[in-house]
Amino acid sequence: MKIKVDPLNPFNLEATLCCGQAFRWDKRAEWWYGVASGRVFKTRQTGETLEIENVNINFAKNYFGLIDELNNVFSQICKDPYIKRAVKMFSGLRILRQDPWECLISYICATYKNIAAIRHMLLNLSRRFGDKVCFDGLDFYTFPTAEDLAQASVNDLLRCGLGYRAKYVHETARTVAESPLDFARLRKKGYEEARHELVGLAGVGLKAADCILLFSLDKLQSFPVDVWVRRAVLRHYAGHFSKEFMARLREKESLASSDYEKLSLFGRTYFGEFAGYAQEYLYHYERTMG
DNA sequence: CAAGTGCCTTTATC
DNA sequence: AGATAAAGGCACT
């Protein structure tokens with residue numbers, strides 16, 4: 001099935017799948033293969049044509065964020081030459097709408113890890129606790145449900161390479177299996193309230209919560225601050241903060257939660273209702289060009 | 001090639 | 001409150 005992409009509302013499949021928001025996509029020859037919300041499907045882009053196979057078109061449009069009007073997003077977030085450069089470089093990168101449960105576990109696993117390692121952990125979890133699905137002669141695995149992971153022991157999870165995260169995944173899986181989080185309800189709630197409900201799940205701090213809100217719960221104002229975004233702020237947005245604060249940020253290894261809030265709130269107020277898009281462009285630009 | 005560094009941080013403990 | 005340390009192990013240099 002083919003979807004036409006409007007050049008005035010661009011889409012860049014490669015950047016969208018490579019920017020580190022989702023961890024379960026693989027390129028085999030021409031096609032990207034992925035598993036999302038229990039479906040295995042493939043996709044490729046040539047110019048203004050996006051091809052999808054084995055998936056419903058409305059699901060794909062929503063999943064790839066094609067519902068967002070990027071020209072409107074750009075007009076709102078392009079506040080300075082630096083973000084303009086990042087946007088120009090990766091124009092068409094979109095915020096995916098991932099499955100909230102998978103996103104939750106993914107970002108519990110993502111703490112203090114690099115992207116390659118995160119992919120490795122999530123593949124291990126899916127192989128061991130998900131269901132095998134064959135497609136195009138290749139084997140894929142659905143992401144395990146809360147019930148699946150609640151039944152896994154901490155030792156099982158350790159064998160997937162989760163390290164200290166194993167006990168957080170174990171605990172959060174049990175919590176969610178016991179009284180399922182109503183993600184649809186969280187999606188309808190405001191940013192602050194939804195965030196408050198996520199923080200406090202085992203292994204979910206402010207950063208992980210902001211990622212889950214942005215990548216799976218339609219909170220496009222969420223502005224997650226990781227080491228790369230922190231670097232981008234230090235290099236290009238220092239003028240928006242006091243000298244003392246910037247000096248502290250430079251010398252400290254880790255971010256105190258009050259410091260995190262300061263940076264994240266800056267992003268939300270400075271870039272506005274689509275701050276999450278700004279964050280993702282800055283993040284990707286800093287990682288690949290910095 | 002070995003060893004060191006860094007990683008989309010959170011939590012426990014002062 | 002606010003600072004500090006500890007926590008897998010993989011990938012990259």
Side-chain angles (χ1 to χ4, degrees), chain A residues 15-25 86 90 93 95-96 98 102-125 127-128 152-173 175 195-196 198-217 219 222-235 244-245 247-264 267 275-290:
Chain A
T16 300
L17 296 182
C18 291
C19 71
Q21 54 179 320
F23 307 101
R24 305 233 296 137
W25 282 91
F90 300 112
L93 187 165
I95 303 292
L96 295 171
Q98 301 185 53
E102 177 171 345
C103 200
L104 167 61
I105 296 304
S106 298
Y107 282 92
I108 289 175
C109 290
T111 67
Y112 209 62
K113 276 284 190 188
N114 54 41
I115 289 171
I118 299 162
R119 292 172 60 86
H120 190 65
M121 288 189 281
L122 296 176
L123 179 62
N124 283 343
L125 282 181
R127 265 213 272 256
R128 210 179 270 262
S153 70
V154 173
N155 266 327
D156 291 334
L157 298 172
L158 281 171
R159 265 177 245 130
C160 294
L162 300 202
Y164 67 87
R165 302 159 196 82
K167 65 173 185 288
Y168 302 143
V169 168
H170 180 74
E171 200 178 323
T172 290
T175 306
R195 189 191 204 207
H196 186 74
L198 290 174
V199 171
L201 285 168
V204 181
L206 294 172
K207 158 66 171 59
D210 278 340
C211 287
I212 298 158
L213 291 167
L214 176 61
F215 300 134
S216 72
L217 292 169
K219 301 293 177 278
S222 178
F223 192 84
V225 179
D226 72 313
V227 292
W228 298 99
V229 171
R230 171 179 164 178
R231 234 166 254 166
V233 170
L234 272 167
R235 287 184 191 161
E244 301 76 55
F245 180 65
R248 212 169 70 215
L249 212 57
R250 229 179 294 275
E251 66 193 44
K252 296 289 263 181
E253 291 278 314
S254 61
L255 268 187
S257 65
S258 58
D259 293 342
Y260 179 93
E261 284 292 36
K262 229 180 220 182
L263 294 173
S264 177
Y277 262 101
Q279 188 272 0
E280 214 46 21
Y281 279 95
L282 291 176
Y283 171 78
H284 197 44
Y285 192 67
E286 200 67 25
R287 260 173 56 90
T288 53
M289 303 289 148

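Worth knowing before you read on, the calculation uses all heavy atoms, side chains too, and leaves out hydrogens, waters and symmetry mates. Naming: A, B, ... by sequence-line order, numbering from 1 per chain.
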Notebook entry, point to check: Is there a donor-acceptor contact under 3.5 Å from the side chain of A:Tyr283 to the main chain of A:Asp226?
Noted result: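 Such a contact is absent between A:Tyr283 side chain and A:Asp226 backbone.
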Notebook entry, point to check: Between the main-chain N or O of A:Pro224 and the side-chain N or O of A:Gln279, is there a donor-acceptor pair closer than 3.5 Å?
Noted result: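 It does hold such a pair.
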Notebook entry, point to check: For B:dG4, does the O4'-C1'-N9-C4 (purine) or O4'-C1'-N1-C2 (pyrimidine) torsion place it in syn, i.e. within 90° of 0, or in anti?
Noted result: anti
Note to self: Counting C-beta onward and ignoring hydrogens, is there a side-chain heavy-atom pair between A:Phe215 and A:Ile95 closer than 4.5 Å?
What the structure shows: yes
Item checked: Residue pair A:Leu263 / A:Val229, side-chain heavy-atom distance below 4.5 Å -> no
Grab the [atom1]-[atom2] distance between [X] and [N] for me, whole Å please.
X	N	atom1	atom2	answer
A:Glu171	B:dT11	CD	C1'	11 Å
A:Lys167	B:dT10	NZ	P	14 Å
A:Arg119	C:dA11	CZ	P	11 Å
A:Asp226	B:dC8	CG	P	7 Å
A:Lys113	C:dG8	NZ	P	10 Å
A:Tyr260	C:dG2	OH	P	18 Å
A:Tyr112	C:dA5	OH	C1'	11 Å
A:Gln21	B:dC8	CD	C1'	12 Å

Remember a base hit wins even if backbone is also touched, and classify [X] as base, sugar-phosphate or nothing at under 4.0 Å, heavy atoms.
X	result
A:Gly161	nothing
A:Glu253	nothing
A:Leu206	sugar-phosphate
A:Leu201	sugar-phosphate
A:Cys19	base

Output the single nucleotide from [options] whose closest atom is nearest the side chain of [X].
X	options	answer
A:His120	B:dT9, B:dC8, C:dC10	C:dC10
A:Phe215	B:dT10, C:dG8, B:dC8	B:dC8
A:Tyr168	B:dT11, C:dA11, C:dA3	B:dT11
A:Arg165	C:dG8, C:dC10, B:dT10	C:dG8

Margin query: By nearest heavy atom, map A:Val204 and A:Val229 onto DNA chain B; which one lands nearer the 5' end?
Written below: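 Its nearest nucleotide being more 5', the pick is A:Val229.
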Item checked: Nearest-nucleotide 5' precedence on DNA chain B, A:Ala202 against A:Trp228 ->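 Comparing both residues, the 5'-ward one is A:Trp228.
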Check: Quick one: is A:Arg231 getting a side-chain N or O under 4.0 Å of the B:dC7 phosphate, OP1 or OP2?
Finding: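 True: A:Arg231 side-chain N/O within range (under 4.0 Å) of B:dC7 OP1/OP2.
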Checklist line | Residue-phosphate contact under 4.0 Å: A:Arg287 side-chain N/O, B:dC8 OP1/OP2 | finding: yes
Note to self: Using the rule given for side-chain contact (heavy atoms from CB on, under 4.5 Å), can you reason through A:Thr288 versus A:Phe90, listing the C-alpha separation, both sets of side-chain angles and the distance that settles it, and then say yes or no?
What the structure shows: CA-CA 11 Å; A:Thr288 53; A:Phe90 300 112; 3.2 Å; yes
Margin query: Give me the distance, rounded to whole Å, that separates B:dC8 from C:dT13 when you measure between the P atoms they each carry.
Written below: 13 Å
Item checked: Whole-angstrom distance between C:dA6 and B:dC7, as gauged at atom C1' -> 16 Å
Next item on the list: Sort out the partner of C:dA6 for me: Watson-Crick or G-U wobble, both distances under 3.5 Å, none otherwise.
Entry: B:dT10
Note to self: Base of B:dC8, side chain of A:Glu286 - is there a donor-acceptor contact under 3.5 Å?
What the structure shows: no
Checklist line | Non-neighbouring partners of A:Arg195 that pass side chain to side chain donor-acceptor pair (under 3.5 Å), sequence neighbours left out | finding: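 Testing A:Arg195 for side chain to side chain donor-acceptor pair (under 3.5 Å), a comparison that skips the adjacent residues, returns A:Tyr191, A:Asp210, A:Glu261.
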